[in-house]
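Have a look at the structure below before the remarks.
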Amino acid sequence: MAVTGDETEAGSTGEIIGTSSILPLGEAQTSIHSSQKPFEDVSQKREQRLMKNREAARECRRKKKEYVKCLENRVAVLENQNKTLIEELRTMKDIYRHKVE
DNA sequence: ATCATGGATCGTCATTTGCG
DNA sequence: CGCAAATGACGATCCATGAT
């Protein structure tokens with residue numbers, strides 16, 4: 001959801017720094033004549049890798065959200081238990097006090 | 001209506017982790 | 001040890017909301 005439109009990839013951020021270590025820039029510029037294959041291969045591999053990582057990131061965030069929800073649930077349960085126990089303790093104390101008096 | 005601000009979500013890069 | 005998957009960190013974008 002969200003992120004309207006530009007799923008054209010590489011669209012917004014990191015491209016300046018990002019690609020440096022991966023794209024064969026020199027080759028891309030110089031060897032227009034010699035077989036285009038290596039470049040296509042490399043950039044295709046890169047696309048593949050980016051897509052996989054994109055999906056991995058989505059999944060990772062989904063799991064994390066779920067984990068946090070679980071924790072919040074657990075907190076709620078424990079808080080309730082705590083309340084109940086405190087109430088119970090107070091009752092017991094009352095009973096005890098009336099007995100010794 | 002316009003601007004400022006903050007939160008949510010995304011894609012990417014760098015790093016960590018776990019497995020063969 | 002090398003590789004693929006998982007995750008943390010960062011900056012970009014979108015959207016809602018309140019102030020002017």
Side-chain angles (χ1 to χ4, degrees):
Chain A
M1 9 151 137
V3 171
T4 56
D6 52 30
E7 48 143 32
T8 36
E9 198 281 306
S12 44
T13 58
E15 72 264 78
I16 303 170
I17 335 156
T19 59
S20 55
S21 60
I22 301 159
L23 281 180
L25 292 174
E27 193 174 31
Q29 287 176 341
T30 57
S31 67
I32 302 169
H33 306 295
S34 61
S35 73
Q36 203 114 335
K37 193 137 193 198
F39 174 77
E40 281 182 11
D41 197 42
V42 167
S43 74
Q44 205 172 332
K45 268 186 180 171
R46 171 181 156 77
E47 281 312 307
Q48 199 72 7
R49 188 173 52 74
L50 287 183
M51 197 166 83
K52 267 191 174 181
N53 189 243
R54 201 178 305 142
E55 279 164 22
R58 280 201 205 111
E59 175 66 6
C60 188
R61 284 166 183 145
R62 191 191 62 76
K63 278 167 61 183
K64 187 174 183 178
K65 237 178 171 178
E66 198 176 299
Y67 174 69
V68 168
K69 225 184 236 174
C70 273
L71 285 184
E72 287 171 345
N73 249 359
R74 187 161 164 69
V75 166
V77 167
L78 290 175
E79 278 177 350
N80 272 341
Q81 276 185 12
N82 201 33
K83 245 186 226 167
T84 305
L85 288 173
I86 287 173
E87 186 55 36
E88 194 178 326
L89 179 61
R90 192 186 320 173
T91 307
M92 297 297 223
K93 278 180 173 174
D94 263 11
I95 292 174
Y96 178 73
R97 196 182 324 135
H98 285 120
K99 271 197 170 173
V100 297
E101 281 172 2

Length of the [atom1]-[atom2] vector between [X] and [N], whole Å:
| X | N | atom1 | atom2 | answer |
| --- | --- | --- | --- | --- |
| A/Glu55 | C/dA4 | CD | C1' | 15 Å |
| A/Arg62 | B/dC10 | CZ | P | 13 Å |
| A/Glu59 | B/dT9 | CD | C1' | 16 Å |
| A/Arg61 | B/dG11 | CZ | P | 8 Å |
| A/Arg46 | B/dT12 | CZ | P | 8 Å |
| A/Asn53 | C/dG8 | CG | P | 13 Å |
| A/Gln48 | C/dA5 | CD | C1' | 15 Å |

Is any NZ, NE, NH1 or NH2 atom of the basic residue among A/Arg62 and A/Glu66 found under 4.0 Å from an Asp or Glu carboxylate oxygen of the other? yes
To the closest 0.5 Å, what do you measure between CG (A/Leu89) and OG1 (A/Thr84)? 12.5 Å
How long is the span from the OH atom in A/Tyr96 to the NZ atom in A/Lys93, to the nearest 0.5 Å? 12.0 Å
Report the nucleotide, chosen from C/dG8, C/dA6, B/dC10, that has the shortest atom-to-atom distance to any side-chain atom of A/Lys64. C/dG8
Output the single nucleotide from B/dC13, C/dG8, B/dC10 whose closest atom is nearest the side chain of A/Leu50. B/dC13
Phosphate OP1/OP2 of [N] contacted by [X] side-chain N/O (<4.0 Å):
| X | N | result |
| --- | --- | --- |
| A/Lys65 | B/dT9 | yes |
| A/Arg54 | B/dT12 | yes |
| A/Arg49 | B/dA14 | no |
| A/Arg58 | B/dG11 | yes |
| A/Lys52 | C/dA4 | no |

Report yes if the side chains of A/Val68 and A/Glu72 come closer than 4.5 Å at any heavy-atom pair, otherwise no. yes
Hey, are the side chains of A/Arg49 and A/Lys52 touching, using non-hydrogen atoms and a 4.5 Å cut-off? no
